[in-house]
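Heads up: the structure comes next, in structure tokens.
These numbers come from a predicted model, not from an experiment. When reading the values below, keep in mind they use all heavy atoms of this one structure, side chains included, and skip hydrogens, waters and symmetry mates.
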Amino acid sequence: MNPLLSAEQAVLGSVLLDPDQLSHLDWLAPDHFYRPVHQALFAALRKLRSDGHPAVGSDGPVPLSWVTDTVDEASRYVRGLTAVYAHTLIQACPRPEHAPVYGRMVLEGAIHRTVAQHAIRLHQAARADALQGAVEGALRSADVLTGVLTDLARRWGTEPRPVAPATSPVTAPAASPPVRADQVAEDERFLLAVLAEQPRAMDEVVDWLRPGDFADPAHGQLYRCLGALHHRGEPIDRITLLWEAQRRGLLADGTLSGEQLTAICDGGVPGSAEWLGERVMRSSLTRTAAASARTVRALAEDEALGPGRLINHALHALGPLDEVRARWQTMNGSATPKPPTDPMASGPPPARVQAARARSTPHPAPSPPARTGAVPASASARSHSRSRP
């Protein structure tokens with residue numbers, strides 16, 4: 001049995017049994033449901049309530065028209081829906097007064113799906129940008145994902161803040177081969193050759209380019225050696241670079257070889273370190289965006305994570321992208337833009353948030369009278385029997 005499907009059925013069943021439960025579910029929206037038929041039914045229930053259906057607020061038995069009118073309204077948007085399924089939903093509800101708790105489960109499932117969907121879009125945008133040599137799409141998608149996480153945190157009733165997992169971090173799915181890997185490696189080799197032959201060129205990139213921006217770890221270590229020589233004010237050429245690599249153990253552990261370093265230095269051509277560094281940074285940004293997106297998606301697919309932890313861990317997973325992005329904007333001399341403001345970012349009122357996060361405290365309700373003729377007798381009797389302490 002799927003717990004999320006059971007929760008969706010229980011929410012709808014509770015409202016079909018007790019229309020007044022809708023007043024405790026104002027924070028729940030139709031698109032929070034996974035199945036389209038459930039979305040249509042919940043939207044129909046809300047519409048009948050707003051239209052002033054006689055069943056809402058009535059002290060007597062729930063009229064059968066509440067069920068039939070709901071099915072008729074929902075059938076306008078989905079096919080194959082009959083009253084039989086509505087009665088199945090009624091039978092799937094253990095206790096109507098637990099509707100807020102069932103609704104919280106539905107909202108939790110919606111949060112996981114929403115985060116996963118936006119993580120997929122970020123990954124797709126990063127891959128597309130990598131193919132086109134751009135970064136704008138990935139940055140826009142990252143802004144949208146950050147805004148969505150912030151809005152979801154407020155809706156759930158928590159404060160959005162990056163938090164690292166307390167246990168071992170979630171392992172992201174295996175990464176696919178880098179996009180345009182040959183071109184990226186060539187740009188990195190050319191940049192290293194220019195920096196080795198033109199020592200003053202380090203001044204053009206040292207403020208914003210980091211070893212981790214190189215796709216090839218060996219290239220990143222070689223850039224680290226160049227940075228160390230530059231920081232100490234020592235001469236930079238192929239000999240001092242080779243010596244620095246040896247001092248750092250890069251030759252002994254096989255990270256670099258003398259032949260590899262010589263080939264890079266001999267392949268130098270006149271060029272702009274800043275221009276080549278920008279290409280390396282662009283590749284680093286899209287690569288980091290794709291990696292962050294994979295991690296966020298893995299978090300969203302972990303059903304053991306509660307919404308609060310999911311949101312905060314996802315914000316933490318976007319941290320490396322924020323760091324690369326800040327250096328990208330430093331390189332371009334632009335200020336960091338603020339994420340787009342969501343008009344719904346203020347979230348629902350605190351009372352609704354509290355209802356959404358209700359755990360096990362049911363809303364007190366008087367024992368309803370027998371609902372003869374309102375719903376099938378077997379379903380009604382069973383629901384009432386389960387409601388007794």
Thinking salt bridges, do [X] and [Y] make one under a 4.0 Å N-O criterion?
X	Y	answer
Arg189	Asp216	no
Asp266	Arg238	yes
Arg282	Glu278	yes
Asp26	Arg49	yes
Glu188	Arg279	no

Do the ring planes of His219 and Phe214 sit parallel (below 30°), tilted (30 to 60°) or perpendicular (above 60°)?
perpendicular
Plane angle bin for Phe33 and Phe42 - parallel if under 30°, tilted between 30 and 60°, otherwise perpendicular
tilted
Taking the side chain as every heavy atom from C-beta outward, state whether [X] and [Y] have any pair of such atoms under 4.5 Å apart.
X	Y	result
Gln21	Tyr102	no
Val205	Tyr223	yes
Tyr85	Gln9	yes
Leu250	Leu222	no
Arg297	Glu301	yes
Pro307	Leu152	no

Check whether [X] and [Y] end up in the same hydrophobic cluster, where Ile, Leu, Val, Met, Phe, Trp and Tyr are linked by side-chain heavy atoms less than 4.5 Å apart.
X	Y	value
Val56	Leu12	yes
Val144	Val115	yes
Trp275	Leu285	yes
Val37	Leu4	no
Val206	Leu241	yes

Leu195 and Ile236: CA distance, side-chain angles, deciding distance, side-chain contact (heavy atoms from CB on, under 4.5 Å) verdict
CA-CA 9 Å; Leu195 295 176; Ile236 296 179; over 6 Å; no
State the [atom1]-[atom2] distance between [X] and [Y], to the nearest 0.5 angstrom.
X	Y	atom1	atom2	result
Glu244	Glu234	CD	CD	7.0 Å
Asp207	Met202	CG	CE	9.5 Å
His230	Arg200	NE2	CZ	10.5 Å
Arg161	Thr150	CZ	OG1	13.5 Å
Ile311	Asp151	CD1	CG	9.0 Å
Leu81	Arg76	CG	CZ	13.5 Å

Closest non-hydrogen atom pair, [X] against [Y]:
X	Y	result
Gly306	Glu108	CA-OE2, 4.3 Å
Thr286	Ala130	OG1-CB, 3.8 Å
Trp66	Leu48	CZ3-CB, 3.8 Å

Report the C-alpha distance between Cys225 and Arg248 in whole Å, list the side-chain angles of each, state the deciding distance to 0.1 Å, and finish with yes or no for side-chain contact (heavy atoms from CB on, under 4.5 Å).
CA-CA 8 Å; Cys225 293; Arg248 290 176 174 268; 3.6 Å; yes
Answer yes or no: is there a donor N or O on one side and an acceptor on the other, between the side chain of Ser292 and the main chain of Ala317, under 3.5 Å?
yes
Using a 3.5 Å distance criterion without hydrogens, assess whether the side chain of Asp187 forms a donor-acceptor pair with backbone atoms of Leu276.
no
Around [X], counting heavy atoms of other residues, nucleotides and ligands shown, do more than 12 lie under 6.0 Å from its [atom1]?
X	atom1	answer
Tyr34	OH	no
Glu303	CD	no
Arg232	CZ	yes

Checking Asp143 against Thr146: is there a side-chain donor and acceptor pair closer than 3.5 Å?
no
Do Val194 and Ser272 pass the side-chain contact (heavy atoms from CB on, under 4.5 Å) test, and can you show the C-alpha distance, the side-chain angles, and the key distance before you say yes or no?
CA-CA 8 Å; Val194 169; Ser272 167; over 6 Å; no
Does the side-chain contact (heavy atoms from CB on, under 4.5 Å) test come out yes or no for Val15 and Thr70, once each step is laid out?
CA-CA 11 Å; Val15 178; Thr70 298; over 6 Å; no
